[in-house]
Student: 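My structure is below; once you've seen it, I'll send some questions.
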Amino acid sequence: MTIQLPTGNGEFKAYEPRTEPFAATPGTPFASRTVFSAAHVVADPFADVSPDSPAAVDWDATLAFRRHLWSHGLGVAEAMDTAQRGMGLDWAGAAELIRRSAAEAKSVGGLIACGVGTDQLTGPATLAEVRAAYEEQLALVEQSGAQAILMASRALAAAAKGPDDYLEVYGHLLRQASEPVILHWLGPMFDPALEGYWGSSDLDAATDTFLEVIAAHPDRVDGIKVSLLEAQREIDIRRRLPQGVRCYTGDDFNYPELIAGDEQGFSHALLGIFDPLGPLAAEAVRVLDTGDAKGFRELLDPTVELSRHLFQAPTRFYKTGVVFLAWLAGHQSHFTMVGGLQSARSLPHFARAYELADGLGLFPDPKLAEERMKNLLSLYGVNQ
């Protein structure tokens with residue numbers, strides 16, 4: 001049996017779905033790499049909300065997905081941009097997500113780190129207000145028992161006059177943190193409001209400031225997450241880090257080579273693409289744990305085409321594809337998103353995502369995925 005998929009040029013192609021999923025078994029955390037998956041939130045499809053309303057979250061399904069990731073040994077990076085932070089999920093929703101997920105992690109022994117930002121600020125802010133907003137969120141994350149990820153701040157990008165303002169704000173926060181944190185550099189392809197972060201649109205100058213922050217407080221930084229989609233820049237930054245500071249790749253285009261590493265080091269991982277890839281990614285890292293870098297690449301390299309498809313420009317809408325695949329995989333009963341973001345990608349985009357994900361065996365029940373894909377096609381007037 002085949003399914004007719006739109007190609008984007010007004011034509012259709014016949015695709016024959018696979019009948020067996022990729023065989024992956026749950027397991028314990030990894031030995032050679034620390035690996036976080038940034039996780040999406042599941043919307044409540046029955047809430048009477050508009051795109052401007054506070055997010056209505058299906059908490060049971062949202063937490064069940066996190067248990068799925070933990071069961072495969074992955075850590076959860078909570079309340080990050082993958083959870084639609086700043087794109088449908090406001091600070092009140094993020095705070096509740098952090099509290100609930102941290103408690104769930106504690107109950108199952110799962111690894112968790114949570115995003116600390118300034119998104120309670122809804123208008124222009126001073127540097128003092130930005131710092132206070134960061135402090136409020138840092139306190140909540142630490143009180144929850146989770147590790148803190150200091151996220152890039154739209155408010156700081158707007159308020160800062162140059163590199164010195166970043167050095168002052170981050171230096172204060174790092175001195176205040178009770179445990180080493182992860183610093184997150186999110187590029188403007190993920191959020192245009194972050195253009196010129198670290199005080200310059202020149203990436204070389206911005207990199208120098210970023211590394212200056214870390215060099216001044218190496219004992220307060222567990223690691224850095226770099227999401228610039230430039231493999232060589234990440235490698236260069238990785239080689240300049242102080243001893244003991246980890247690099248967590250956030251490069252959803254080049255993650256296999258960056259995690260595998262080279263003779264001078266490797267990256268750990270904190271990736272949005274590991275939300276749909278979870279079991280397969282976990283299997284690949286377990287192969288890497290045995291020292292088999294070739295086997296690791298053989299498993300993970302074929303996933304890059306799907307990742308590049310989901311993260312294609314405008315990159316910030318990758319969340320739509322992530323949630324779409326979670327629906328096809330049976331992790332949620334519907335394809336709706338907070339903020340109505342399910343409308344952010346086209347039908348041909350969804351069709352290609354389905355084809356690539358199915359080819360990788362990502363759907364535990366391929367028949368269910370096929371039926372749901374056909375249902376979506378029928379809503380667009382495509383009859384099989």
Side-chain angles (χ1 to χ4, degrees), residues 36 38-41 54-55 57 76-102 112-144 146-160 165-174 176-199 206 210 213 220-228 248 250 270 272 315-316 318-319 338-339 341:
F36 290 95
H40 74 279
V41 294
V57 177
V76 168
E78 189 55 276
M80 304 292 288
D81 57 299
T82 303
Q84 292 180 245
R85 192 83 179 264
M87 288 186 69
L89 188 71
D90 62 9
W91 167 235
E96 184 66 13
L97 179 62
I98 289 166
R99 284 189 287 263
R100 288 176 181 255
S101 291
I112 188 168
C114 298
V116 170
T118 63
D119 44 333
Q120 67 269 57
L121 300 173
T122 57
T126 65
L127 286 176
E129 290 169 334
V130 169
R131 190 173 74 180
Y134 264 130
E135 289 173 339
E136 177 189 355
Q137 296 199 17
L138 178 61
L140 185 144
V141 169
E142 291 187 336
Q143 288 164 9
S144 76
Q147 184 178 18
I149 303 171
L150 292 187
M151 302 170 67
S153 163
R154 293 174 180 172
L156 179 55
D165 288 339
Y166 288 89
L167 293 170
E168 192 280 326
V169 170
Y170 276 92
H172 175 87
L173 294 169
L174 289 173
Q176 184 173 311
S178 61
E179 299 290 341
V181 307
I182 298 172
L183 296 181
H184 185 191
W185 184 358
L186 192 68
M189 69 288 293
F190 289 93
D191 187 344
L194 299 176
E195 178 66 42
Y197 212 73
W198 304 110
F210 182 49
V213 169
R220 313 308 301 156
V221 180
D222 164 69
I224 62 164
K225 169 179 159 59
V226 183
S227 298
L228 299 175
Y248 293 91
L270 198 165
T315 301
R316 63 188 181 278
Y318 76 88
K319 297 97 166 170
V338 299
L341 210 63

Student: Measure the spacing between CZ of Arg131 and CD of Glu168 and express it to the nearest 0.5 Å.
Tutor: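 If I round to the nearest 0.5 Å, the distance is 5.0 Å.
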
Student: Who pairs with Phe210 by ring-ring contact (aromatic ring centres under 6.0 Å, His included), at least two apart in sequence or on another chain?
Tutor: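 In terms of ring-ring contact (aromatic ring centres under 6.0 Å, His included), with neighbours along the sequence ignored, Phe210 is linked to Trp185, Trp198.
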
Student: Other residues, nucleotides and ligands only: do more than 12 of their heavy atoms fall within 6.0 Å of CD on Glu179?
Tutor: no

Student: About how many Å separate CD1 of Ile112 and CD1 of Ile98, when rounded to the nearest 0.5 Å?
Tutor: 8.5 Å

Student: With side chains defined as the heavy atoms from C-beta onward, is the minimum distance between Asp90 and Asp119 less than 4.5 Å?
Tutor: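 No, their side chains stay 4.5 Å or more apart.
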
Student: Ala125 and Glu129: which non-hydrogen atoms are nearest, and at how many Å?
Tutor: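 Taking every non-hydrogen atom into account, CA-OE1, 3.2 Å.
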
Student: Taking side chain as C-beta onward, heavy atoms only, is Val57 less than 4.5 Å from Leu97?
Tutor: no

Student: Can you tell me how far apart CD1 (Ile182) and SG (Cys114) are? Round to the nearest 0.5 Å.
Tutor: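 So the CD1 of Ile182 and the SG of Cys114 are separated by 10.5 Å.
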
Student: Evaluate the side-chain contact (heavy atoms from CB on, under 4.5 Å) criterion for residues Trp91 and Leu140: first the C-alpha distance (whole Å), next the side-chain angles of each, then the deciding distance (0.1 Å), finally the verdict.
Tutor: CA-CA 11 Å; Trp91 167 235; Leu140 185 144; 4.1 Å; yes

Student: Flag the pair Gln137 / Met151 as yes when at least one side-chain heavy-atom distance between them is below 4.5 Å, and no otherwise.
Tutor: no

Student: Could you walk me through whether Met80 and Phe36 pass the side-chain contact (heavy atoms from CB on, under 4.5 Å) test, one step at a time?
Tutor: CA-CA 11 Å; Met80 304 292 288; Phe36 290 95; over 6 Å; no

Student: Does any part of the side chain of Arg154, heavy atoms only, come nearer than 4.5 Å to the side chain of Leu194, both counted from C-beta?
Tutor: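 Counting from C-beta outward, Leu194 and Arg154 do come under 4.5 Å.
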
Student: Using the side chain to side chain contact (heavy atoms under 4.5 Å, CB included) criterion, which residues pair with Ala158? Sequence neighbours excluded.
Tutor: none

Student: Under 4.5 Å between any side-chain heavy atoms of Leu341 and Met87, yes or no?
Tutor: yes

Student: Backbone N or O of Ser101 within a donor-acceptor pair of the Glu78 side chain at under 3.5 Å?
Tutor: no

Student: Please evaluate residues His172 and Leu127 with respect to the criterion side-chain contact (heavy atoms from CB on, under 4.5 Å), reporting the C-alpha separation (whole Å), side-chain torsions for both, the decisive distance (0.1 Å), and the verdict.
Tutor: CA-CA 12 Å; His172 175 87; Leu127 286 176; over 6 Å; no

Student: Could you tell me whether the side chain of Leu173 reaches within less than 4.5 Å of the side chain of Val116, counting heavy atoms only?
Tutor: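 Val116 does not reach Leu173 side chain to side chain.
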
Student: Considering all heavy atoms of both residues, which atom of Ala155 and which atom of Leu121 are nearest to each other, and what is their separation?
Tutor: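 Between these two residues, the closest heavy atoms are CB-CD1, 3.9 Å.
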
Student: State, yes or no, whether a side-chain contact exists between Val213 and Leu174 at a heavy-atom distance under 4.5 Å.
Tutor: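 The answer is yes; the side chains approach within 4.5 Å.
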
Student: Please give me the minimum heavy-atom distance between Thr126 and Ala159, naming the atom from each residue.
Tutor: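 Distance-wise, the nearest heavy atoms are C-CB, 4.5 Å.
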
Student: Tell me the closest heavy-atom pair linking Met189 and Ser227, and the distance in Å.
Tutor: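 It is SD-O, 3.9 Å.
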
Student: Does the side chain of Asp191 come within less than 4.5 Å of Tyr197's, by heavy atoms?
Tutor: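 No, too far: nothing below the 4.5 Å cut-off.
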
Student: Kindly say whether Val338 contributes a backbone atom to a donor-acceptor pair with the side chain of Gln84 at under 3.5 angstrom?
Tutor: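 A pair under 3.5 Å: yes.
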
Student: What heavy-atom pair brings Ala177 and Val181 nearest, and what distance separates the two atoms?
Tutor: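 Between these two residues, the closest heavy atoms are CB-CG1, 3.8 Å.
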
